Structure formats: C-alpha cells, structure tokens
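Just so it is clear, the structure is predicted and the values come from calculations on it, not from any experiment.
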Amino acid sequence: MLDRPWILSILAQLPACWWPVFLWDCWQVGRYMRAWGAAHPQGGMVGIGVTRKGRILITWQMPADERSETDWTQHAPRTPWKALDLDALATNFAAFSAPDGICADSGPVLDGFHPPLTPVALEPG
C-alpha cells in the first residue's frame with residue numbers, strides 16, 4: 001500500500017494545484033490494491049509511478065506463483081536458525097541405504113571424482 005512518507009515526498013515535489021488529483025489517485029490505487037490483493041491471496045508485486053501532473057500509473061504487476069505440491073519446506077525448515085531434526089533425517093536416509101549397511105559400489109575413481117551413488121532402492125535389477 002501507499003505509505004505516509006511516500007505520499008508526503010511526492011506532495012513535496014508536486015505543485016499545490018495538482019495535489020487533489022494525486023490524493024484522489026491515492027484513494028483509487030488503495031481501492032485497486034485491496035481488490036487485487038483479494039484476487040491474488042498468495043501475494044505478488046505491483047509497480048507504480050507518478051506523472052508530473054500527479055497521476056498515479058500502474059507500471060507493472062506480477063502475481064506470486066502458486067505454491068508447488070513438491071515444496072522443499074516439508075523436508076527443511078524455512079527458518080535457518082532452526083536446527084534440522086537429525087533423527088528424522090537418519091530414518092529417511094536409512095530407507096534408501098543398502099541392506100546390511102553395505103553401500104553400493106561407486107565404481108572407479110575418475111580424475112579424483114567419484115560418480116554419484118544410486119540408492120539401492122532405485123538400482124535396476
């Protein structure tokens with residue numbers, strides 16, 4: 001929304017005869033932003049500009065993407081200061097480990113790099 005310091009900074013740059021036009025547009029943009037926010041509850045961004053005669057123009061708008069079904073936040077916390085639950089990670093990792101705790105053969109080392117391991121659950125045959 002349009003905040004008070006922004007409105008006052010624009011009014012300081014406009015001639016006083018254009019203040020009613022600008023304040024009317026502020027009210028109209030406030031109505032538009034409430035309607036746009038109701039239509040896009042996931043959020044987004046709207047860019048606005050002001051002409052020399054006090055008219056407010058919407059220069060661009062971009063609604064936020066819908067939340068993905070495969071959201072990474074179900075596996076890691078959004079807040080970096082929270083520690084991961086290592087017990088839960090260990091049990092999830094154990095499901096993909098080889099039987100008897102033996103890792104699959106990683107193949108020969110090429111130029112100091114190991115090829116990625118394929119979890120046993122996903123190996124063919």
- Query: Which other residues end up in the same hydrophobic cluster as Met62, if Ile, Leu, Val, Met, Phe, Trp and Tyr are linked when side-chain heavy atoms come under 4.5 Å apart?
  - Reply: Met45, Trp60
- To the nearest 0.5 Å, tell me how far Ile10 CD1 sits from Leu23 CG. 11.5 Å
- Task: Find out if a path of hydrophobic residues (ILVMFWY) with successive side-chain heavy-atom gaps under 4.5 Å connects Trp19 to Ile56.
- Result: yes
- side-chain hydrogen bond (donor to acceptor under 3.5 Å, both in side chains) contacts in which one or both residues fall within residues 43-54, not counting sequence neighbours: none
- Item | Which residues share a side chain to side chain contact (heavy atoms under 4.5 Å, CB included) with Ile58, sequence neighbours left out | Tyr32, Val46, Ile48
- Task: Check the hydrophobic clustering (I, L, V, M, F, W, Y; side-chain heavy atoms under 4.5 Å; chains of links allowed) and say if Ile7 and Val29 are grouped together.
- Result: yes
Only distances under 3.5 Å count here; give the side-chain donor-acceptor pairs of residues 11-18 to other protein atoms, sequence neighbours excluded, each with its distance to 0.1 Å.
none

- Checking Thr59 side chain against Gly49 main chain: does a donor-acceptor pair fall under 3.5 Å? no
- Any pair counted as salt bridge (charged side-chain N to carboxylate O under 4.0 Å, His left out), so long as it reaches residues 11-27, sequence neighbours left out: Asp25-Arg55
- Report the residues that fulfil side-chain hydrogen bond (donor to acceptor under 3.5 Å, both in side chains) with Trp24, sequence neighbours left out, ordered by chain and then residue number. none
- Going only through I, L, V, M, F, W and Y residues with side-chain contacts under 4.5 Å, is there a path from Trp6 to Met33? yes
